[in-house]
Structure formats: C-alpha cells, structure tokens
J.: 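The structure is given below, and queries will be raised subsequently.
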Amino acid sequence: MSREDLARAFHYAVYENVQMIPYGHVTSYGHIAKLIYKPRNSRQVGQALKFLPQGETRLDYPYNLNNVPWWRVISSSGTISNRDHGSMIRQVELLRAEGVQVINDSKIDLVTFGWFPETEFDEYD
DNA sequence: CCAATGACCTGGG
DNA sequence: TCCCAGGCCATTG
C-alpha cells in the first residue's frame, strides 16, 4: 500500500465520520480524529477537509465529496478555525442556515450545538 | 534529507 | 476567560 493510498484511506474515514454529524450540530477536528482511532491526528483531519470542493465539483476523486458537511467541523475551543477568509465566511453562512448560532462570526456554544459521541479515546492518549 | 507549514489540542498562567 | 508554549504529525518545498 502506497503512501498515497494510506492518505486517501484516511481521508475517506474522515469524510464518512463527518457525514454522521447531525444537521444543526458541530463537532471538533480532534473528535473526528478519535472516531477514526487516530486521536493524535487532528491536524490531518483539517488537511483532509481541504480537499473538499468549495464550489466546483471534483471528478478526480472516487468519492462523493459533495455530500460532506465540512462546515460542521470546528476547533475544540468552539471557534471557526483560521484559514482563507472566503471559506470561513461560507462556513458561518452554512451554519446559520441550519440554525446554529455563531457569535461574533466565529464562536459557537458547544454545550448547545456540540455533538461528541463516546469513543475509546476519551482521554487524549 | 531537513526545515517549514498547517481548517489542531491541552495545560498552565 | 484569554493567550501561549509545547506537543503533535502528514505534507510540502
């Protein structure tokens, strides 16, 4: 198995779990990492989400990337993570459209809107 | 090969 | 509550 295959498998695992986040809820990069049994790879969860289409459809990936609600993934501190301005704005719009309150265009109350199902890695380690 | 770079996380101050 | 240092690790140049 090549390095690319491993990376792709990781991406698929991320996408499948992101699809489980209920409408109107959010979870963290770190929690997705725990769900795929890679509790130390929260940064790589973020890397995987970068491959998702922002606007146009990608046909070079054997996976329905248009079905992945990437906007429901935020940082464990409850804030929209920094990156290019455009997609941050879009994330806020998409969240508000499904009823999630976003304070100051960046902060979300995880007690109200968080989705953090139990995992085997509830302690970071 | 090595250094820099992230859509990150936690604990301490 | 906010901020930061240190840890983390795949990817990129």
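Proteins get letters first, then strands, A, B, ... in listed order; numbering begins at 1 in each. These numbers come from a predicted model, not from an experiment. The basis for the numbers below is simple: all heavy atoms, side chains too, and nothing from hydrogens, waters or symmetry mates.
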J.: What integer distance in Å separates A:Leu35:CG from B:dC9:P?
T.: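 Between P of B:dC9 and CG of A:Leu35: 13 Å.
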
J.: Is there a side-chain contact between A:Leu95 and A:Val26 (heavy atoms, below 4.5 Å)?
T.: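 Side chain of A:Leu95 against side chain of A:Val26, heavy atoms only: contact under 4.5 Å found.
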
J.: Check the distance between C:dT12's P and A:Gln47's CD and give it to me in whole angstrom.
T.: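 One finds 8 Å between P of C:dT12 and CD of A:Gln47, rounded.
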
J.: In this structure, how many angstroms lie between the P atom of B:dT5 and the NZ atom of A:Lys50, rounded?
T.: 13 Å

J.: Students often mix this up, so state it plainly: with edges at 30° and 60°, are the rings of A:Phe116 and A:His31 parallel, tilted or perpendicular?
T.: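 Ring orientation of A:Phe116 relative to A:His31: perpendicular.
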
J.: Taking only side-chain nitrogens and oxygens of A:Ser75, does any of them come within less than 4.0 Å of OP1 or OP2 of B:dA7?
T.: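 Result: no.
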
J.: Which of residues 76-97 of chain A sit near DNA chain B, with a heavy atom under 4.0 Å from it?
T.: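 Those residues whose heavy atoms fall under 4.0 Å from DNA chain B, taken from residues 76-97 of chain A in numerical order, are A:Ser76, A:Ser81, A:Asn82, A:Arg83.
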
J.: Are any side-chain N or O atoms of A:Glu93 and backbone N or O atoms of A:Met88, one a donor and one an acceptor, separated by less than 3.5 Å?
T.: no

J.: Mind checking the P distance from B:dA7 to C:dG7? Whole angstroms is fine.
T.: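 Rounded to whole Å, the distance is 22 Å.
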
J.: Collect all protein-nucleotide pairs involving nucleotides 11-13 of chain B in which both atoms are nitrogen or oxygen and the distance is under 3.5 Å.
T.:
none

J.: Donor-acceptor check, side chain of A:Asn104 to backbone of A:Ser106, threshold 3.5 angstrom: yes or no?
T.: no

J.: Rounding to a whole Å, what distance do you find between A:Ile36:CD1 and C:dA10:C1'?
T.: 12 Å

J.: Rounded to the Å, how far apart are A:Trp70 CH2 and B:dA7 P?
T.: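 Atom-to-atom, A:Trp70 to B:dA7, this comes out as 13 Å.
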
J.: Using modelled atom types only, decide if a donor and an acceptor are shared between the side chain of A:Gln91 and the backbone of A:Trp71 within a distance under 3.5 Å.
T.: yes

J.: If you measure from CD1 on A:Ile32 to OH on A:Tyr15, what distance do you get to the nearest 0.5 Å?
T.: 12.0 Å

J.: Could you list by number each residue of residues 100-110 of chain A showing a heavy-atom separation from DNA chain B of less than 4.0 Å, or answer none if no residue does?
T.: none

J.: Rounded to the nearest angstrom, tell me the gap between atom CD in A:Gln44 and atom P in B:dA7.
T.: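 That distance rounds to 11 Å.
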
J.: Name the residue from A:Val68, A:Thr27, A:Leu35 that meets the side chain to side chain contact (heavy atoms under 4.5 Å, CB included) definition with A:Asn17.
T.: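 When A:Val68, A:Thr27, A:Leu35 are each tested with A:Asn17, the side chain to side chain contact (heavy atoms under 4.5 Å, CB included) holds only for A:Leu35.
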
J.: For A:Glu16 and A:Gln19, test the side chains for any donor-to-acceptor distance below 3.5 angstrom and give the result as yes or no.
T.: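 Absent: no donor and acceptor within the cut-off.
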
J.: Can you check whether A:His25 and A:Phe113 have ring centres sitting under 6.0 Å from each other?
T.: no

J.: Are the side chain of A:Arg96 and the backbone of A:Val102 linked by a donor-acceptor contact shorter than 3.5 Å?
T.: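 Yes, because the side chain of A:Arg96 sits within donor-acceptor range (under 3.5 Å) of the backbone of A:Val102.
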
J.: Over how many whole Å does the gap from A:Leu49 atom CG to B:dG6 atom C1' extend?
T.: 13 Å

J.: Kindly say if A:Arg43 contacts the phosphate of B:dT5, meaning a side-chain N or O under 4.0 Å from OP1 or OP2.
T.: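 Looking at the OP1 and OP2 atoms of B:dT5, neither is under 4.0 Å from any side-chain N or O of A:Arg43.
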
J.: Donor-acceptor pair, distance only, cut-off 3.5 Å: does the side chain of A:Asn41 make one with the backbone of A:Gln44?
T.: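 Here the side-chain-to-backbone pair does not exist.
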
J.: In whole Å, what is the span from the CZ atom of A:Arg8 to the C1' atom of C:dA10?
T.: 17 Å

